[in-house]
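What follows is a single structure, written as structure tokens, with notes after it.
Side-chain atoms are counted along with the backbone in the values below, which use heavy atoms only and exclude waters and symmetry mates. Note that this is a predicted model, so its numbers are computed, not measured. Order of listing sets the numbers, starting from 1, for every ligand and every atom in it.
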Amino acid sequence: MCGIIAAASTRNVGKILVQGLHKMEYRGYDSAGIALHQENQIAHLRTLGKVSLLEEKMILEKPKSKLGIAHTRWATHGEPSEENAHPHKSNERVYIVHNGIIENYLSLKNFLAKEGYSFTSETDSELIAHLLDYFLTTNNSMLDAMYLMIEKLEGAYAIAAIDRNDKSNIVIARNKSPLLIGLGEDELLAASDPLAIGQLTNQFIFLEDGDVANISANSYQIYDSLKNQIKREISEIDISSEASSKGEYKHFMEKEIFEQPVAVLNTIDGRVGGDDVLENIFGIGSSDVFSKVKRIQIVACGTSLHAARVAANWFSAISELPTQTDYASEYRYRNPHVDEDTLFVTISQSGETADTLAALKYAKEKDFLSTLTICNVPTSTIARESEFSIFTNAGPEIGVASTKAFTTQLVALMLLALSLAKSRSRNPKLRGRVITALRQLPDIVSETLKLKDSIVKIAPEIASKDNALFLGRGIFYPIAKEGALKLKEISYIHAEAYPAGELKHGPLALIDEDMPVIALCPESEIAEKLVSNLEEVKARGGTLYVFSDPSISLELKSGKLINMPKCDFLLTPIIYTIPLQLLSYEVAMIRKTDIDQPRNLAKSVTVE
Ligand code: F6R
């Protein structure tokens, strides 16, 4: 999704800003732009496509400047084009960058048109530049204009604005869209993503909704929604360059798949002791609250929702609690009934997903026992808005397709199932068994990654097809869905998932030699039934690729049977995810797609 970076410095900032845009490329974008203050004029460069094209323009024009703003855009209002790219300007005076969506843009556009402003883009963001210009004509400072302007806005925004008549200050504002200040040496920075400026500072101030701030090279002032000057906490976070570079790998996605043994270890580390989970690992007082929980409601999107659907089985089997899972984008609109003592859980890698955040805000107004999040970004809005939290500690995930975030979410959800069971005095023996299995998990994940060579061999057969079907039963159905999601998002092959028992109720009609069927077949009480479902596919000429426990006997005429390492059944969903990630990656490699930034997608989806 869109990315903002701004810098006020005692040195030239052009390079800093473009490097920051590169760091945010993983979020997904379609165009980029920069505005640099140069004494009495502003250099304004925009390009459709990659940041490297903007960089080429900068090399040709060599603008020098100590103050500027820059942006990567992910189209919402108006197609990807140079005209729609940010920064937007008004009267060659005000230049702005904006993330978010202005919901009342039509009425504001009409108002501005009557005041004589004309629009050169199809975006909602351009009106921000004009409104600021409008208020600047009757007010002296950008700060005053910003307050008058945001009073008129409905929706979500992170904004950075500069004025041609002021070479020292950048004014920024935040509402429902992330924005932070970075304290550098002889320079102040602002960004929507700490990764953008993580090379320049390890000191960050996360703005809150309604905050407006003024930054210059040597000072900053932050004001709350009532315009009172306030202090916000400074957080020290080290964002190492290693975490945001590909190292020896071709893609971030590949790197992140292979980081999973360490990522999983980091999720478990410091949270288990002896043969149980430690107390209060979700925050002080969490163990006490957990003893009262009677029901769980989880909301999430995409991959994170698949994690929720696996975990619902664990909450039932280990914590003896019923669980409901919902798409975050749907939850609020189904008029949900809230039972007494229900724990509201969100799952989000980024912690900024607008649908999940909106559902959390809605839940906070309802009668839930408490709110809890499973998140990978401790500084994110969802983490800050939730009463309890656990961080997956997976490290930055840059590839748009979620990999290590998913497996670590599953581990964290297992810790939640165990903690709930412990607080409710349920299943101590089973808890001990799972803790032993969790300790072995990083090694089993490493073992599973060795399947890469077998997967490389089957990838060409799937890469040549237009469709694929994924099958799993029970706790493996959400894993089949995750496998299908991975394949479609990075290789653009249409893929669907079904619980294998459903095949004969319709989808069996799709089976022919052009429909590869990828099946998950662990050792379980319904393994035999699953094998019968696969026989139905075989009998109709379908090509099967089966990931299975070595104990399962299945003879294939075509396709491949790949044996999986042994693992405690409750943790097998984590292990069976890995070959599906590798398969999507290898298929996408053959189809030469943009693996880390697949078309039309964004890493952090900050619009509803
Ligand atoms: C798929 C993927 C998305 C995200 C979804 C939620 O690979 O990454 O489906 O899982 O957009 O994002 P978070 O977890 O950041 O809330």
Side-chain angles (χ1 to χ4, degrees), residues 1 26-28 74 176-178 192-193 195 251-254 256-257 260 263 298-311 325-331 345-361 372-386 389-392 394-410 412-413 470 478-493 495 497 577-578 580-585 587-588 593-608:
M1 286 258 120
Y26 77 96
R27 300 168 68 92
W74 188 80
K176 299 191 210 157
S177 193
S192 51
D193 183 333
L195 271 187
H251 295 95
F252 282 109
M253 182 181 178
E254 188 190 19
E256 287 154 9
I257 291 173
Q260 289 178 107
I298 315 183
V299 302
C301 304
T303 289
S304 298
L305 183 61
H306 296 154
R309 292 189 166 157
V310 172
T325 61
D326 271 278
Y327 292 104
S329 55
E330 293 291 321
Y331 177 69
V345 177
T346 56
I347 308 173
S348 177
Q349 186 287 127
S350 60
E352 300 295 350
T353 301
D355 287 320
T356 312
L357 179 59
L360 170 61
K361 289 200 165 152
L372 179 150
T373 191
I374 300 210
C375 186
N376 192 35
V377 183
T379 49
S380 64
T381 314
I382 292 178
R384 280 181 284 132
E385 293 273 334
S386 303
S389 54
I390 194 162
F391 302 114
T392 43
E397 190 178 66
I398 311 278
V400 162
S402 208
T403 53
K404 62 176 180 173
F406 178 67
T407 44
T408 54
Q409 281 168 352
L410 287 175
L413 282 158
F470 285 72
I479 300 299
K481 282 183 83 70
E482 175 59 9
L485 177 62
K486 284 294 89 95
L487 188 68
K488 65 186 135 190
E489 67 183 329
I490 63 163
S491 73
Y492 316 148
I493 291 176
T577 304
I578 291 163
L580 304 186
Q581 298 169 341
L582 288 168
L583 182 64
S584 312
Y585 178 78
V587 169
T593 55
D594 193 350
I595 294 183
D596 282 335
Q597 291 159 35
R599 67 185 182 203
N600 308 336
L601 298 182
K603 182 66 187 164
S604 173
V605 186
T606 49
V607 293
E608 279 180 46

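Contact detail for Leu413 and Ala307: the closest heavy-atom pair is CD1-O, 3.6 Å.
Under a 4.0 Å heavy-atom criterion, Glu352 is not in contact with ligand 1. The shortest heavy-atom distance from Val400 to ligand 1 is under 4.0 Å.
Checking side-chain atoms of Asn376 against main-chain N and O of Pro396 turns up no donor-acceptor pair under 3.5 Å.
Summary of contacts: the protein heavy atom closest to atom 11 (O) of ligand 1 is Val605 CG2, 4.1 Å. Among all protein heavy atoms, the one lying closest to atom 15 (O) of ligand 1 is Ser350 OG, 2.7 Å. Thr303 N, 4.1 Å is the protein heavy atom nearest to atom 3 (C) of ligand 1. If you check which protein heavy atom lies closest to atom 5 (C) of ligand 1, you get Cys301 O, 3.7 Å.
Listed by atom number, the atoms of ligand 1 under 4.0 Å from Glu489 heavy atoms are 1 (C), 7 (O). For ligand 1, the atoms sitting less than 4.0 Å from at least one non-hydrogen atom of Ser348 are 13 (P), 14 (O), 15 (O), 16 (O), numbered in the order shown with element in parentheses. Of all the atoms in ligand 1, the ones that sit under 4.0 Å from a non-hydrogen atom of Ala401 are 7 (O).
Side-chain contact of Thr346 with Thr373: a donor-acceptor pair under 3.5 Å is present, judged by distance alone. Neither side chain, Lys176 nor Thr381, offers a donor N or O lying under 3.5 Å from an acceptor on the other. Judged by distance alone, the side chains of Gln349 and Ser402 never bring a donor and an acceptor atom under 3.5 Å apart. For the 3.5 Å distance criterion, the side chains of Thr403 and Gln260 fail to qualify, holding no donor opposite an acceptor.
At a 3.5 angstrom cut-off on N or O pairs, Gln409 does not count as close to ligand 1.
Looking only at side-chain heavy atoms (C-beta outward), Ser386 and Leu372 stay at 4.5 Å or farther from each other.
For atom 13 (P) of ligand 1, the nearest non-hydrogen atom from the set Ile382, Asn376, Thr353 comes from Thr353. Of the options Gly302, Ala354, Ser304, Gly351, the smallest heavy-atom separation from atom 14 (O) of ligand 1 is shown by Ser304.
For CZ of Phe391, the number of neighbouring non-hydrogen atoms (other residues, nucleotides, ligands) closer than 6.0 Å is greater than 12.
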